[in-house]
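Input: a single structure, listed below in C-alpha cells.
A, B, ... follow the sequence lines: proteins, then strands. Residue 1 opens every chain. For clarity, every value in this text was computed on a predicted model and none was experimentally measured.
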2 protein chains.
Amino acid sequence: MDKQVLFRKFVDFTTGVHRTTHEIAKGIKLDAVTPVQYKMLEYIAVSQPVTLSSVADCTHMSLPNTSRELRKLIDKGLCEKVVDGEDRRKQRIRLSVQGQALMNGVFGHMQTELDRRIEGLSAAQLKEIEQALDLLQTRIFK
Amino acid sequence: MDKQVLFRKFVDFTTGVHRTTHEIAKGIKLDAVTPVQYKMLEYIAVSQPVTLSSVADCTHMSLPNTSRELRKLIDKGLCEKVVDGEDRRKQRIRLSVQGQALMNGVFGHMQTELDRRIEGLSAAQLKEIEQALDLLQTRIFK
DNA sequence: CCTTCTAGTTATCATATGATAACTATAGGA
DNA sequence: TCCTATAGTTATCATATGATAACTAGAAGG
C-alpha cells in the first residue's frame, strides 16, 4: 500500500472539504456576526445548553476572549445565559429564540446546498456516500 | 432515503474533518507565520509557480491584502517572485529554498500524524479508505 | 473559618485581518 | 497612438482576534 499516495489523497480531500464548506457558508453572509462568533453559535446550537468553559475549549479560545465575544452575542440578542442551579459558578448558555431562528436558517441553507450537490443520485449512490462518511469518520476523523 | 439523516452525517463529518486538520496543524506551531500567511504558503507549495491573483482568488483575499502578506513572506525569506517573461504584468511566485524546507517539514509532520491514525490497518482497510476518499471527493467535495 | 480551586469577568494592549482609494506599469486592441 | 483592461502596489483606516493581568464569586475540603 502506497502511503504517499494515500497522504496525497488525504491532503487533496481535506482541502476540498474546507473549500466546499467555505463555499456553502459564504452564501449565508451573516453580517451581524463575525467568524469567531459564528463558530461559537454553531457549537452552542448543536450542544446547548453549554458552559462558557466548554465553549472556550471547543472553539480553542481563551476564557476572557470567549466571555467578551459571548457578551457581544448576548447584546445582539442571539444568546442567553442562566446561572446554573447546582453550581452557581457555572452558566447554562443557549441560543435565544432569535438565535435559534438564525441558526435554523443557516442549517436550512446548508441542507439546500447539500441537496443541490446530491440531486439526481440514486438511492444506492446515496447509500454509498453515507457509508463512506461513516467509514472515514470512524477510521480517521474521529 | 432520509435526507435529514444524510445531512446530519454531513455536518458531523465536516466538523470532524475541521477538528482533525486543526489538531494536526496545531502540533506544528509555526510562530514565524500567521494563519493567513500559512494558507498562502500551503497554496503556493502545491501549485507553484503561481501568480498573485491566483493566490488572492484561492485564499479568498483581496489583491492589496495578498500583496501585503506576500511582501511579509518574502521579507521572512520564505517566498520569491520573478516577473513573468511572457506577460510582464504577471509574476511567478514560488517558495524559496527555506520556504520549501519549511513546508516539507509541515507536510512531513502531517504525514506522520496521518500514519499514526491509520497504523495497524490492513491493506484491504486502507484500500477502503482510499476508495471512500475518492467517492466523496467526486460526489460532494469536488 | 480558612485556604485553595474553579468559573467567569473586566480591562488593556498588540497584532492580524479586511476594506478601500489612489496609484503604476504593461498588454491588447481599435 | 490612444483607449481600456489587467496585474499588482502602496497607503490608510477600521475592526477582529489573541494574550495577559488583576479581579470577583462560589465551591469544596480540612
**Study point:** Those residues that, when tested against A:S47, pass side-chain contact (heavy atoms from CB on, under 4.5 Å) (two or more places apart)
**Key:**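 Once residues adjacent in sequence are excluded, the partners of A:S47 under the side-chain contact (heavy atoms from CB on, under 4.5 Å) criterion are A:Y43, A:V50.
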
Review point. What pairs with A:R117 under side-chain contact (heavy atoms from CB on, under 4.5 Å), at least two apart in sequence or on another chain?
Key: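 Listed in chain order: A:T20, A:E23, A:I24, A:E113.
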
Check your understanding: Who passes salt bridge (charged side-chain N to carboxylate O under 4.0 Å, His left out) against B:D115, sequence neighbours left out?
Key ->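 Counting only residues at least two positions away or on another chain, B:D115 forms no salt bridge (charged side-chain N to carboxylate O under 4.0 Å, His left out).
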
Review point. Parallel, tilted or perpendicular for B:F141 and B:F10, by the 30°/60° rule?
Key: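 The rings of B:F141 and B:F10 lie parallel, inter-plane angle below 30°.
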
Exercise for review: On the 0 to 90° scale, with breaks at 30° and 60°, tag the A:H22-B:H60 ring pair as parallel, tilted or perpendicular.
Suggested key: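 Parallel: the ring planes of A:H22 and B:H60 meet at under 30°.
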
Review point. Taking only N and O in the side chain of A:S67, is any of them less than 4.0 Å away from OP1 or OP2 of C:dG8?
Key: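 No, A:S67 has no side-chain N/O under 4.0 Å of OP1/OP2 on C:dG8.
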
Review point. So, is A:K81 close to the C:dA7 phosphate, meaning a side-chain N or O under 4.0 Å from OP1 or OP2?
Key: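 No.
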
**Study point:** Of residues 87-95 of chain B, the positions that come close to DNA chain D - non-hydrogen atoms, cut-off under 4.0 Å
**Key:**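 Correct list: B:R89, B:K90, B:Q91.
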
How many whole angstroms separate atom [atom1] of [X] from atom [atom2] of [N]?
X	N	atom1	atom2	result
A:D57	C:dG8	CG	P	10 Å
A:M61	C:dA7	CE	P	18 Å
A:M40	D:dT17	CE	C1'	13 Å
B:L63	D:dT10	CG	P	12 Å
A:R71	C:dG8	CZ	P	14 Å

Practice item. Taking only heavy atoms on the protein side, list every residue of residues 47-54 of chain A lying under 4.0 Å from any atom of DNA chain C, sorted numerically. Key: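 Nucleic-acid contacts, sorted: A:T51, A:L52, A:S53.
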
For [X], check side chain to side chain donor-acceptor pair (under 3.5 Å) against everything at least two apart and list the hits.
X	answer
B:S53	none
A:D87	A:R89
B:Q37	B:E69
B:Q100	B:Q48, B:N104

Check your understanding: Does anything in residues 90-101 of chain A pair up under salt bridge (charged side-chain N to carboxylate O under 4.0 Å, His left out), and if so which pairs, sequence neighbours excluded?
Key ->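 Sorted pair list comes back empty.
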
Exercise for review: Scan for salt bridge (charged side-chain N to carboxylate O under 4.0 Å, His left out) pairs involving residues 131-142 of chain A, sequence neighbours excluded, and state none if there are none.
Suggested key: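 Qualifying pairs: A:D134-B:K9.
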
Polar atom pairs (N or O), protein with nucleotides 11-16 of chain C, under 3.5 Å:
none

Review point. How is A:K39 classified with respect to the nucleic acid when contacts are heavy atoms under 4.0 Å: base, sugar-phosphate, or nothing?
Key: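 Nothing: the residue A:K39, judged by heavy atoms under 4.0 Å, touches no strand.
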
